[in-house]
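Following: one structure in structure tokens, then a few remarks.
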Protein chains: 2
Amino acid sequence: MTTVQRPTLEAVARRAGVSRATVSRVVNGSTTVAEPIQEAVRLAVAELGYVPNLAARSLVTQRTDSVALVLPEEATRVFSDDQVFPSIIRGVAQELEAADKQLVLMLAGSPAGHARVERYTTGRHVDGAIFASLHGADPLPGKLARLGIPVVCSGRPLGDVGVPYVDVDHVGGVTRAVRHLLDSGRRRIATIAGPQDMIAGMERLTGYRETVAEAGLPERVAFGDFTRESGAAAMRRLLDAHPDLDAVFAASDLMAHAAMRTLREAGRRVPEDVAMIGFDDIETAAYTEPPLTTVRQPLLELGREAARQLLRMAAGEEVEVALVLPTELVVRASA
Amino acid sequence: MTTVQRPTLEAVARRAGVSRATVSRVVNGSTTVAEPIQEAVRLAVAELGYVPNLAARSLVTQRTDSVALVLPEEATRVFSDDQVFPSIIRGVAQELEAADKQLVLMLAGSPAGHARVERYTTGRHVDGAIFASLHGADPLPGKLARLGIPVVCSGRPLGDVGVPYVDVDHVGGVTRAVRHLLDSGRRRIATIAGPQDMIAGMERLTGYRETVAEAGLPERVAFGDFTRESGAAAMRRLLDAHPDLDAVFAASDLMAHAAMRTLREAGRRVPEDVAMIGFDDIETAAYTEPPLTTVRQPLLELGREAARQLLRMAAGEEVEVALVLPTELVVRASA
DNA sequence: GGCTCCTTTGAGAGCGCTCTCTCGTATCGG
DNA sequence: CCGATACGAGAGAGCGCTCTCAAAGGAGCC
């Protein structure tokens with residue numbers, strides 16, 4: 001391996017006939033350097049192909065110019081077919097790129113992974129951390145916040161951790177979905193709820209419960225974990241317990257997708273016998289049979305906002321504690 | 001912001017009553033330190049909550065303990081619904097985690113993004129880079145290799161760049177798929193090919209062409225770009241040009257999925273009138289209507305192998321130039 | 001003309017760590 | 001019992017950068 005000796009500030013300074021400090025000023029965009037000197041320095045930089053050594057820089061500035069994005073890698077499923085995380089990643093990446101920060105991706109599934117994330121973030125190897133879709137009441141975001149390390153959660157964290165977050169309007173979206181079912185005459189409306197250790201799962205259930213109660217109807221609930229498999233199983237349980245149901249709100253598109261197949265296998269037609277509404281609006285939703293009516297959440301925007309908030313915090317600015325993005329009912333053929 | 005002064009090696013050394021060098025030895029797992037002293041140092045580390053400053057370390061070691069994963073963020077689609085990248089990311093993440101390296105994710109869609117990747121990687125801010133699914137003949141991997149920076153491509157790169165890569169057996173998988181169609185009596189077999197500026201697109205087409213030619217049958221080709229939308233459009237073109245076709249091999253599951261819908265809209269039944277086979281085996285494939293027969297590629301493993309290769313290179317070991325993982329035909333109802 | 005004040009540049013001190021080199025002490029053979 | 005050998009621990013020199021501080025030079029003012 002022929003590791004070429006890379007030029008340092010010193011080398012550039014010698015070539016340009018100025019001091020290290022002046023080169024540093026030019027490289028970092030200080031305006032207090034005379035134009036001809038700036039020009040000479042820039043020329044030397046170009047000729048030598050100088051690139052600053054970030055390690056040396058962060059050693060003195062105490063910044064790393066990188067941000068951690070922490071995802072819970074629950075089992076295999078996070079990254080299997082779900083588009084939720086990819087969209088968030090992309091949103092975050094876009095904003096960080098604009099700010100010239102690096103994105104350090106950390107999957108924190110296992111306890112070992114979680115410990116690693118804790119070590120890395122508390123060790124201040126990043127300028128801040130974005131946590132996406134926390135399960136349960138993870139103490140890490142709060143801990144980081146107390147250490148003065150900028151943190152933003154994508155998805156409201158459970159418990160009173162006092163950490164700024166961005167989230168979507170789950171309850172509003174679900175309310176609109178269930179009302180849509182009511183408006184089309186459905187009265188025996190069930191739900192396939194998500195995991196109750198996540199705000200997304202809890203609030204989508206709340207939205208269903210409130211709206212159904214408001215209409216004076218009984219609730220019919222089965223639980224899943226947002227995956228297709230769990231959706232199919234929950235649908236079977238619902239059919240057993242409430243064979244007369246005429247509509248289902250599923251807390252994720254994947255569960256809705258699998259539930260529709262289960263319904264078909266049970267001889268029910270969608271939407272004639274049973275209407276189905278999902279949540280997320282993944283691309284697949286437009287291609288299911290029948291196409292799925294669902295609640296769209298602006299995931300890309302969610303990631304972007306989270307990153308923006310974090311960058312603001314890292315810059316020492318104040319940020320709002322909560323930022324809630326709107327959801328939207330996308331009506332297709334399934335309801 | 002109360003940025004607490006974090007303990008340094010010096011502080012640990014004082015507390016343990018030894019020199020900085022000894023603490024460094026213990027922290028880095030040197031065996032040449034007497035057991036009681038090691039114990040004392042570890043105690044001091046724990047008491048002070050010492051975490052090494054990585055910037056300072058990499059300044060002297062010339063390593064960064066981080067690896068870049070570069071993805072082409074073509075338009076929006078990479079991360080929209082496709083599970084290809086998420087799986088690769090996860091595979092890479094798993095291996096890097098095991099090696100205690102950080103994953104720096106870079107999306108290189110725009111020219112600006114590409115420049116940023118070039119700057120970052122050539123600036124040696126990472127110990128190596130993994131490129132996934134290159135489009136066209138990107139000169140960057142070759143350039144990095146020439147600079148002595150470890151590079152691995154996931155998916156064989158176009159052109160003779162002389163960079164180690166891992167890929168799957170596209171041709172073998174497609175051959176098996178087309179033979180399966182032939183074996184079931186299909187004779188008017190078309191293909192929806194992928195983009196021809198990517199090896200994956202090219203080889204899957206090659207596999208189709210060779211197998212069809214071998215059987216003495218004419219080829220019927222329409223091109224897409226792996227997305228659903230392009231698959232639907234290609235299917236329409238095929239139906240126009242060859243209304244008599246009785247089977248289709250689509251170079252991605254997304255295209256196959258959309259093509260099946262297009263067929264249904266055109267009044268063709270799958271598989272009775274037209275058989276369909278896809279490529280990828282994304283989770284959705286098992287839930288399409290009818291469930292999709294497809295060629296499975298081991299994406300997680302692809303990512304893991306790429307990372308392993310890279311780590312080996314970074315450690316100065318020799319690696320094989322090409323590593324090809326097997327594909328497998330998964331027979332479901334669509335063919 | 002001399003003084004002050006401002007602007008521009010350079011000198012130099014670290015940031016926290018690793019690693020070589022040196023020194024001190026224990027071990028062993030003669 | 002002394003010198004040779006080995007081995008563990010410390011001293012200290014940087015890694016490449018930023019940033020404070022001081023010096024130098026020029027402009028402006030009385």
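Below, chains carry the letters A, B, ... as their sequence lines are ordered, and counting in each starts from 1.
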So does B:S19 get a side-chain nitrogen or oxygen closer than 4.0 Å to the phosphate oxygens (OP1/OP2) of D:dA9? no
Round to the nearest Å and state the distance from B:E10 atom CD to C:dG14 atom P. 13 Å
A:N28 CG to D:dT20 P: how many Å, rounded? 13 Å
Any B:T22 side-chain N or O less than 4.0 Å from OP1/OP2 of D:dG10: yes
Nearest nucleotide by nearest heavy atom, which residue falls closer to the 5' end of DNA chain D, B:V33 or B:V60? B:V33
Provide, to the nearest angstrom, the distance between the CZ atom belonging to B:R25 and the C1' atom belonging to D:dC7. 11 Å
Expected output: side-chain A:D65 to main-chain A:K101 donor-acceptor under 3.5 Å: no
On DNA chain D, nearest-nucleotide positions of B:I37 versus A:V23: which is more 5'? B:I37
What integer distance in Å separates B:R6:CZ from C:dC17:C1'? 13 Å
Under 3.5 Å: donor-acceptor pair, side chain of A:D127, backbone of A:V67: no
Please state how far atom CG in B:L54 lies from atom P in C:dG16, giving the value in whole angstrom units. 13 Å
Looking only at atom types and distance, does a side-chain atom of B:R57 sit under 3.5 Å from a main-chain N or O of B:P52, one as donor and one as acceptor? no
Can you tell me the distance, in whole Å, between the CZ atom of A:R57 and the P atom of C:dC17? 21 Å
Calculate the interatomic distance between B:R20 atom CZ and C:dG16 atom P; express it in whole Å. 11 Å
Backbone N/O of B:R20 and side chain of B:S24: donor-acceptor pair under 3.5 Å: no
Nucleotide nearest B:N53 (side chain, heavy atoms from C-beta), chosen from D:dC17, C:dG12, C:dC17: C:dC17
Closest nucleotide among C:dT8, D:dG10, C:dT18 to the A:A34 side chain: C:dT8
Report, as yes or no, whether the 6.0 Å neighbourhood of atom CD on B:E317 holds more than 12 heavy atoms from other residues, nucleotides or ligands. yes
Expressed as a whole number of angstroms, how long is the span from A:E35:CD to C:dT7:C1'? 16 Å
